[in-house]
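Written below as structure tokens is the structure these notes are about.
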Protein chains: 2
Amino acid sequence: MNISIKQMRAFSELAREKSFTRAADRCHISQPALSALIKGIEETTGTRLFNRNTRNVELTPDGIFLESMITALLGSYDRLVTEFQDVVQKNRGSVTVGALASIAGGALPPVIDAFQRRYPGIELAIKDVTSDICLELVRSKQVDFALTASVSLGNDLSSAFLASDSFHLVCRSDHPLSRHARLAVSQIRDLPIIQFARSSSVRQHLDAAFYPDRLPVSIEVNNLVTAAGLIAHGLGITIVPGMTLFQFRIPSLVAIPITLPIHERKICVITRRNSTLSVSANAFVEMLRAHWAPESS
Amino acid sequence: MNISIKQMRAFSELAREKSFTRAADRCHISQPALSALIKGIEETTGTRLFNRNTRNVELTPDGIFLESMITALLGSYDRLVTEFQDVVQKNRGSVTVGALASIAGGALPPVIDAFQRRYPGIELAIKDVTSDICLELVRSKQVDFALTASVSLGNDLSSAFLASDSFHLVCRSDHPLSRHARLAVSQIRDLPIIQFARSSSVRQHLDAAFYPDRLPVSIEVNNLVTAAGLIAHGLGITIVPGMTLFQFRIPSLVAIPITLPIHERKICVITRRNSTLSVSANAFVEMLRAHWAPESS
DNA sequence: CACACTTACGATATTCGTAAGGATT
DNA sequence: AATCCTTACGAATATCGTAAGTGTG
């Protein structure tokens with residue numbers, strides 16, 4: 001026994017309208033076509049479902065039984081279709097993003113704000129964790145994708161470039177270099193700077209960017225905010241990627257972009273290889289691109 | 001957006017098997033046909049649902065979302081089909097019958113017994129009520145059909161003959177007539193008998209059967225069992241339809257069929273005109289015919 | 001006689017399977 | 001090189017709408 005959705009729709013409309021003509025109109029088919037659909041159900045089930053003559057159409061007892069079930073099923077079907085349509089049209093859904101804390105706290109909030117305004121029905125979750133955990137979250141499907149600085153990754157993952165994150169010198173506004181609008185490598189290569197722990201993502205990219213040179217170290221700290229405090233008290237300067245500058249938003253400090261020929265920090269979208277983003281997640285990435293691409297060109 | 005049952009089945013099997021070839025086998029279609037079904041869903045939804053290459057097939061995030069809903073819907077669909085098949089095959093269902101008490105208590109129980117053995121899944125309810133209430137129950141669809149003696153009924157109902165119910169004389173075994181195997185009208189026309197209230201179905205048919213004669217009355221009672229008690233104590237005889245004889249099953253009593261040229265009581269199935277019995281109810285009527293037709297020929 | 005459902009039939013659309021093509025491991 | 005999915009294409013099937021037929025009130 002096999003009943004199609006179309007047959008069920010025809011059955012349901014006929015049960016409601018008690019008229020082949022009106023039911024056919026509601027189904028947007030000709031009246032004989034509807035007649036054939038009903039006949040089809042009656043033949044596959046082997047049961048008469050409507051008592052009908054020229055003047056009257058009504059369900060048989062068995063038809064009544066079937067009608068209750070078909071009505072429920074069509075309800076479920078319509079709900080399925082509309083819910084999935086909502087997902088496709090981005091009226092509903094959820095996105096979970098893994099991101100380095102330096103990204104999650106700085107460049108991401110404006111995008112999140114725009115995304116939530118544009119797609120208020122999509123739930124958003126941000127997991128602000130370290131780079132290696134980001135990768136693990138992607139692998140285990142706990143996040144749709146991750147935002148990290150480019151790192152080496154196994155071939156089960158793939159990365160797509162999103163934006164360049166250029167280095168900036170941070171100093172107090174009374175520092176001699178503060179009057180420059182832009183700095184070259186030669187101007188800062190020999191300045192002792194406040195450095196970060198070797199395990200930190202910023203330090204690793206900084207070392208790579210200036211390689212084979214090694215920047216002189218004045219003080220080594222763990223957190224960016226600590227460096228900000230030291231600088232504000234006139235105890236040094238530092239060099240950090242632009243996306244971390246939100247941690248240095250103190251009136252007495254200035255940030256000056258540094259021109260580097262290569263080796264800028266690259267922010268990437270990390271996904272599983274041979275995988276596809278959900279429409280919701282894809283919308284988020286597209287919005288990231290729209291926000292960040294102009295700034296980093 | 002429109003997804004057919006067949007497409008959903010294909011989707012579900014592919015999600016389970018993660019192989020177009022195996023899923024096609026399970027759907028009993030060729031592998032390219034299944035490919036087309038999947039392509040069809042992806043095109044109508046506008047979303048890629050499976051990431052696939054030569055070596056691997058797996059759901060996309062959106063596909064996973066759809067899969068959960070489709071699995072549930074197919075479950076409902078299969079349940080609908082099997083449940084209705086059960087009804088058609090008489091493994092499930094319910095029958096509610098209205099019947100005169102004289103029928104419900106006498107001739108019906110053996111049929112009920114056979115019916116419940118033959119169709120143990122079908123629930124059975126008997127409403128033993130008077131004739132006029134029987135008709136009302138049919139009209140209001142509270143019963144599938146009714147079993148009554150033939151009565152005049154409006155043209156919203158129709159009746160179908162089931163069995164004849166011949167009259168019997170009931171007397172004590174020491175009564176002079178008890179030695180006869182069969183009686184003619186002439187032998188009993190003048191005997192005073194225990195009669196029943198004019199409102200009772202038995203009395204009405206009795207009067208009709210002997211019309212234009214009027215049987216002499218010895219005592220008038222309301223219930224058959226009362227008559228039985230009177231007769232057992234040697235206080236008279238009575239004439240009743242055969243189907244009520246179960247109320248006279250007392251060792252000292254005998255029942256002797258009376259030959260009447262016409263006007264036997266006719267037991268009928270009463271249904272709504274232009275209506276159809278459910279498969280369950282129809283099975284019950286068929287069983288009634290099988291049990292009663294031989295006896296009344 | 002009028003109205004409503006059914007049947008008949010030709011046209012259109014869809015679906016299917018076979019065979020060839022393409023891609024990945 | 002083998003395996004698996006996709007594309008191409010002709011055939012079978014299903015569906016649809018128009019028009020004629022049938023029956024009931």
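Throughout, a chain's letter reflects where its sequence line sits, starting with A, and its residues are numbered from 1. Quick note: numbers below take in every heavy atom, side chains included, and nothing from hydrogens, waters or symmetry partners.
To the nearest angstrom, C1' of C:dG22 lies 15 Å from CZ of B:Phe20. Across the protein-nucleic acid pair, A:Leu37 atom CG and C:dC5 atom P stand 15 Å apart, rounded to whole Å. Rounded to whole Å, atom P of D:dA14 lies 12 Å from atom CD of A:Glu43. For A:Ile38 and D:dT15, the CD1 to C1' distance is 15 Å, given to the nearest whole Å. In this entry the distance linking CG of B:Leu34 with P of C:dT15 reads 13 Å, nearest Å. In this structure, B:Glu58 places its CD atom 17 Å from P of D:dC4, rounding to the nearest Å. The distance between atom CG of A:Asn2 and atom C1' of D:dA14, rounded to the nearest whole Å, is 14 Å. Rounded to an integer number of Å, the gap from CD1 of B:Ile3 to P of C:dT15 is 14 Å.
In terms of position along DNA chain D, the nucleotide closest to B:Arg22 lies nearer the 5' end than the nucleotide closest to the other residue of the pair A:Ile29 and B:Arg22. Take the nearest nucleotide of DNA chain D for B:Asn274 and for B:Asn53: the residue whose nucleotide is more 5' is B:Asn53. The nearest heavy atom of DNA chain C to A:Gln31 and to A:Arg55 marks one nucleotide each, and the one closer to the 5' end goes with A:Arg55.
Counting non-hydrogen atoms of other residues, nucleotides and ligands closer than 6.0 Å to CD of A:Glu286 gives a total above 12. For CD of A:Gln85, the number of neighbouring non-hydrogen atoms (other residues, nucleotides, ligands) closer than 6.0 Å is greater than 12.
Distance from the side chain of A:Val57 is smallest for C:dC5 among the nucleotides D:dC4, C:dC5, C:dT6.
No side-chain N or O of A:Asp62 forms a donor-acceptor pair with one of A:Thr60 less than 3.5 Å apart.
The line from CG of B:Leu14 to CG of B:Leu59 is 7.5 Å long, rounded to the nearest 0.5 Å.
Within the structure, every side-chain polar atom (N or O) of B:Lys6 is placed at least 4.0 Å from both OP1 and OP2 of C:dT14. OP1 or OP2 of C:dT6 lies within a sub-4.0 Å distance of a side-chain N or O belonging to A:Ser35. The phosphate of D:dT24 (OP1 or OP2) has no side-chain N or O of A:Thr54 nearer than 4.0 angstrom. The side chain of B:Lys39 places no N or O atom within less than 4.0 Å of a non-bridging phosphate oxygen (OP1 or OP2) of D:dC5.
Across all strands shown, B:Thr21 has heavy atoms under 4.0 Å from sugar-phosphate atoms exclusively, and none from any base.
Between A:Glu42 and A:Lys39, no side-chain nitrogen of the basic residue sits less than 4.0 Å from a carboxylate oxygen of the acidic one, so the salt-bridge criterion is not met.
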